[in-house]
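Written out below as structure tokens is the structure these notes cover.
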Amino acid sequence: ETLSELREVERLSEAEPEVQCRFLEAYALERLGRYKEAFELLQTLPEELHTPDITAVQSVLLWRLGKRNEAKAAAEAVIQSGVEWLWARAIATNNLGNLALSNSEFLEAASHFKKSAALFHATGAKDRWVGSLNNYAVALDKMIEDEAKRGANASTLEAMSLDAERAYH
């Protein structure tokens with residue numbers, strides 16, 4: 001399925017063949033957990049050749065390397081890209097969810113994960129769609145768990161769950 005994602009990226013990419021190859025290699029390295037190597041590879045590409053796909057993956061790498069502010073800025077830039085960049089927007093939105101989750105902003109994280117799931121579904125990236133849905137469930141679970149620790153009663157927790165479900169439709 002990663003190969004189908006790579007083909008989708010390749011189809012959407014407007015970059016030169018060498019840039020596209022480096023991007024695909026960096027994306028493969030990111031999926032393998034080799035974040036520093038992937039980031040360094042993307043750093044070799046001139047900024048003016050960065051497509052939203054490149055910036056989206058760079059956002060994930062920045063987050064993985066602990067550069068939260070830069071990761072958020074890159075993801076937000078991708079979100080502003082046009083509808084033709086659905087895959088990039090899905091990656092960036094999922095990463096915004098990761099950033100919010102790691103900052104204990106559970107409702108915001110859930111919202112981003114729900115949006116990224118919809119975007120991944122639209123691109124046909126089923127494995128990433130399922131991953132975003134899983135992230136969404138984790139964010140909701142952590143949000144309810146956090147409120148339970150604060151002593152929220154059952155009806156409050158149920159209302160929070162419903163609010164989270166309706167959030168950011």
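Model, not experiment: these values are computed from the prediction.
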If you round to the nearest 0.5 Å, how far is [atom2] of [Y] from [atom1] of [X]?
| X | Y | atom1 | atom2 | value |
| --- | --- | --- | --- | --- |
| Leu45 | Glu18 | CG | CD | 8.5 Å |
| Leu61 | Lys36 | CG | NZ | 13.0 Å |
| Glu37 | Leu29 | CD | CG | 4.5 Å |
| Gln58 | Leu65 | CD | CG | 10.5 Å |
| Glu108 | Phe113 | CD | CZ | 10.5 Å |
| Tyr136 | Ser111 | OH | OG | 8.5 Å |

State, to 0.1 Å, how close [X] and [Y] come at their nearest heavy-atom pair, and which atoms those are.
| X | Y | answer |
| --- | --- | --- |
| Asn94 | Ser132 | OD1-OG, 3.0 Å |
| Asn103 | Glu105 | ND2-OE2, 2.8 Å |
| Leu101 | Ala109 | N-CB, 3.6 Å |
| Ala139 | Phe106 | O-CB, 3.7 Å |
| Trp85 | Thr51 | CH2-CB, 3.8 Å |

Which residue pairs satisfy the side-chain hydrogen bond (donor to acceptor under 3.5 Å, both in side chains) criterion with at least one member in residues 67-76, sequence neighbours excluded?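 Sorted result for residues 67-76: Arg68-Ser102.
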Can any side-chain N or O of [X] pair as donor or acceptor with the backbone N or O of [Y] at less than 3.5 Å?
| X | Y | answer |
| --- | --- | --- |
| Thr44 | Leu41 | yes |
| Thr55 | Pro52 | no |
| Asn95 | Ser59 | yes |

Who are the side chain to side chain contact (heavy atoms under 4.5 Å, CB included) partners of Val130, not counting sequence neighbours?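 Val130 satisfies side chain to side chain contact (heavy atoms under 4.5 Å, CB included) with no residue once adjacent residues are dropped.
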Do [X] and [Y] belong together in a cluster built from hydrophobic side chains that touch within less than 4.5 Å?
| X | Y | answer |
| --- | --- | --- |
| Leu86 | Leu96 | no |
| Val57 | Tyr35 | yes |
| Val60 | Tyr27 | yes |
| Leu119 | Leu99 | no |
| Val78 | Phe39 | no |

Sort and list the pairs that fulfil salt bridge (Lys or Arg N to Asp or Glu O under 4.0 Å) and have at least one residue in residues 134-145, not counting sequence neighbours.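 Output for this query lists Glu145-Lys149.
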